[in-house]
Amino acid sequence: MKQKVFDIIQIGDKSNRISRSFDIFIVINILCNITVMILETFDQFDNFIPLFRFVEYFTTMVFLAEYILRIWTADFLYPDLKGTKARLRFIRSFDGVIDLFTIIPMIYFSGFIVFRMLRVVRIFHLFRINAQYDSFQVITGVLYEKRRQLVSSIFIIGILMLASSLCMYSAEHEVQPKVFSNAFSGIWWSVSAILTVGYGDIYPVTAVGRMMAIIISFLGVGAVAIPTGIISAGFVEHYSKIKNINSLQTEYPVNFVTILISENHLWNNVAVKDTGLPQGLLLVSILRNNEMLIPHSSTKLLMHDRVVLAAESYIDESNLKMQEFVIGPENDWVGKPICELDISRLVTIVVIKRRDKVIIPHGNTVIKAYDKVFLYKKSSNTIWNPPQ
């Protein structure tokens with residue numbers, strides 16, 4: 001039951017109709033909550049305040065139920081953690097904190113405007129509906145990659161603001177003692193000047209102050225352009241990487257093979273990591289009791305499991321020949337490892353069948369009498385025979 005609930009409340013795909021319906025319901029719930037909060041600010045809708053309150057409480061209760069279910073199913077969200085640790089991990093996560101602050105204002109702190117404003121953050125959960133690569137993830141990724149450069153540019157802007165505030169205090173204090181009363185009174189002016197807002201409530205009146213204001217304004221334009229350029233360059237680099245990846249990648253067809261694990265199968269009760277799959281093969285899924293499992297390295301294969309293997313398609317060359325030989329007891333290969341055999345470079349031993357066992361050989365595999373050897377030979381004209 002917990003697994004099914006987790007699959008529903010997580011971002012669903014088109015094949016899971018219940019989960020997709022839940023996503024749509026949550027989106028409508030979010031939009032209703034935000035819309036009601038906006039409409040409450042209009043005096044024209046005072047007569048609808050009781051209806052707005054009902055919608056607000058109802059949508060908040062939905063958020064509360066979703067929050068409780070996400071805490072309950074946190075074990076599946078963080079499979080490496082169990083029980084209380086997984087739940088605490090979710091509560092401390094970004095989504096958990098936002099969910100909590102979305103609920104708290106309505107329950108306890110409805111009179112605190114700061115907490116009520118946090119309800120607006122719920123709209124950011126709309127980005128979770130897109131399970132694919134979306135623009136919001138691109139923005140956060142670029143900001144994270146350029147975080148050091150952005151911190152450095154903000155530090156430079158802060159120093160410029162502080163220096164301009166001190167300079168303006170020195171130039172304007174004697175003329176405007178009430179406006180520039182101390183060293184920090186010019187911070188507001190420096191912020192509006194450097195960030196090119198130009199509010200106009202505080203401004204210099206002396207010739208020296210105006211000259212410095214001109215210089216500081218020019219410096220402010222350059223300072224603000226630094227983080228803008230960093231972010232722009234980050235976007236260009238990001239999309240250049242995507243373009244390069246798309247231009248360099250090559251599509252190959254993939255073949256799927258289904259294997260039934262019988263009682264005597266070599267993989268029965270064996271972990272995926274111990275199956276010894278050769279390069280180019282991938283165990284993609286396990287069908288067990290009519291349920292599809294996505295395996296990890298420690299997943300054990302059990303009897304009656306149907307294992308789906310994916311393999312890159314091989315190139316079917318017309319001059320690639322397959323031969324089969326039975327090694328007699330008098331054959332010179334008997335008792336010798338493959339690495340010591342006198343074999344042409346065009347010949348490769350790919351499989352050895354020994355009684356009921358199938359062996360994938362390596363250099364130290366010893367050939368025994370009555371082994372059935374399968375060879376690939378890349379030749380279009382002649383058939384190669386092993387020594388008798």
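For this chain, numbers begin at 1 and follow the sequence in order.
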Side-chain heavy-atom pair Leu100, Phe63 within 4.5 angstrom cut-off
no
Quick one, Phe325 with Asn331, criterion side chain to side chain contact (heavy atoms under 4.5 Å, CB included). Give me CA distance, side-chain angles, the key distance, then yes/no.
CA-CA 11 Å; Phe325 299 97; Asn331 194 296; over 6 Å; no
Between CG on residue Leu39 and CD1 on residue Ile49, distance to nearest 0.5 Å
9.0 Å
Counting heavy atoms not belonging to Lys300, are there more than 12 under 6.0 Å from its NZ?
no
Just by distance, do the side chain of Asp305 and the backbone of Leu302 share a donor-acceptor pair under 3.5 Å?
yes
Output the distance between atom CG (Leu301) and atom CG (Leu266), rounded to the nearest 0.5 Å.
11.5 Å
Once the angle between the rings of Phe45 and Phe42 is folded into 0 to 90°, is it parallel (under 30°), tilted (30 to 60°) or perpendicular (over 60°)?
perpendicular
Within one Ile-Leu-Val-Met-Phe-Trp-Tyr cluster: Tyr169 and Ile214, side-chain cutoff 4.5 Å:
no
Search all heavy atoms of Ile352 against all heavy atoms of Thr365 and return the closest pair with its distance.
CD1-CG2, 4.0 Å
Is it the case that the side chain of Arg53 and the backbone of Pro50 share a donor-acceptor pair, with hydrogens and angles ignored and the cut-off at 3.5 Å?
no
To the nearest 0.5 Å, atom CD1 of Ile338 lies from atom CH2 of Trp333 at 8.5 Å
Is there a side-chain contact between Val36 and Leu51 (heavy atoms, below 4.5 Å)?
no
So Leu166 and Ser170, do their side chains get closer than 4.5 Å, heavy atoms only?
no
Same hydrophobic cluster for Leu260 and Val308, using side-chain heavy-atom links shorter than 4.5 Å among ILVMFWY?
no
For Val205, is there any backbone N or O sitting under 3.5 Å from a side-chain donor or acceptor partner on Glu172?
yes
Any chance you could lay out the side chain to side chain contact (heavy atoms under 4.5 Å, CB included) test for Ile259 and His265, step after step, and finish with the verdict?
CA-CA 10 Å; Ile259 298 175; His265 198 280; 3.8 Å; yes
Please check if Ile187 and Ile159 belong to a single hydrophobic cluster, counting links between Ile, Leu, Val, Met, Phe, Trp and Tyr side chain heavy atoms closer than 4.5 Å.
no
How long is the span from the CD1 atom in Ile30 to the OG1 atom in Thr35, to the nearest 0.5 Å?
11.5 Å
Test log, rule side chain to side chain contact (heavy atoms under 4.5 Å, CB included), inputs Cys339 and Asn364:
CA-CA 6 Å; Cys339 61; Asn364 294 324; 4.2 Å; yes
Measure across Asp371 and Val366 and return the closest heavy-atom pair with its distance rounded to 0.1 Å.
OD2-O, 4.3 Å
Evaluate side chain to side chain contact (heavy atoms under 4.5 Å, CB included) for Lys368 paired with Ile327, printing each intermediate quantity in order.
CA-CA 7 Å; Lys368 295 185 178 180; Ile327 304 299; over 6 Å; no
Flag yes if Tyr370 and Leu341 sit in one hydrophobic cluster, no otherwise; membership is Ile, Leu, Val, Met, Phe, Trp, Tyr, and two members link when side-chain heavy atoms are under 4.5 Å apart.
no
Considering non-hydrogen atoms only, spot the tightest contact between Val272 and Thr275 and give its length.
O-OG1, 2.7 Å
Taking all non-hydrogen atoms of both residues, which atom of Ile231 and which atom of Leu143 are closest, and how far apart?
CD1-CD2, 4.1 Å
Can you measure from CZ (Arg354) to CD1 (Ile367) and round to the nearest 0.5 angstrom?
7.0 Å
What are the two closest heavy atoms between Ser153 and Ile226, and how far apart are they?
CB-CG2, 3.5 Å
Please confirm whether the backbone N or O of Leu160 pairs with a side-chain atom of Ser164, one donor and one acceptor, at under 3.5 Å?
yes
Can you confirm whether Pro204 sits close enough to Met168 that some side-chain heavy atom of one is under 4.5 Å from a side-chain heavy atom of the other?
yes
For the residue pair Arg147 and Tyr144, would you count it as a cation-pi contact if the rule is NZ or CZ under 6.0 angstrom from the ring centre and within 45 degrees of the ring axis?
yes
Considering all heavy atoms of both residues, which atom of Ala171 and which atom of Val208 are nearest to each other, and what is their separation?
CB-CG1, 4.3 Å
Value for OG1 (Thr73) from CZ (Arg87), rounded to nearest 0.5 Å, stands at 9.0 Å
Show every ring pair (Phe, Tyr, Trp, His ring centres under 6.0 Å) that has at least one partner inside residues 71-91, sequence neighbours left out.
Phe6-Phe76
If hydrophobic clusters are built from ILVMFWY residues whose side chains come within less than 4.5 Å, do Val151 and Ile156 share one?
no
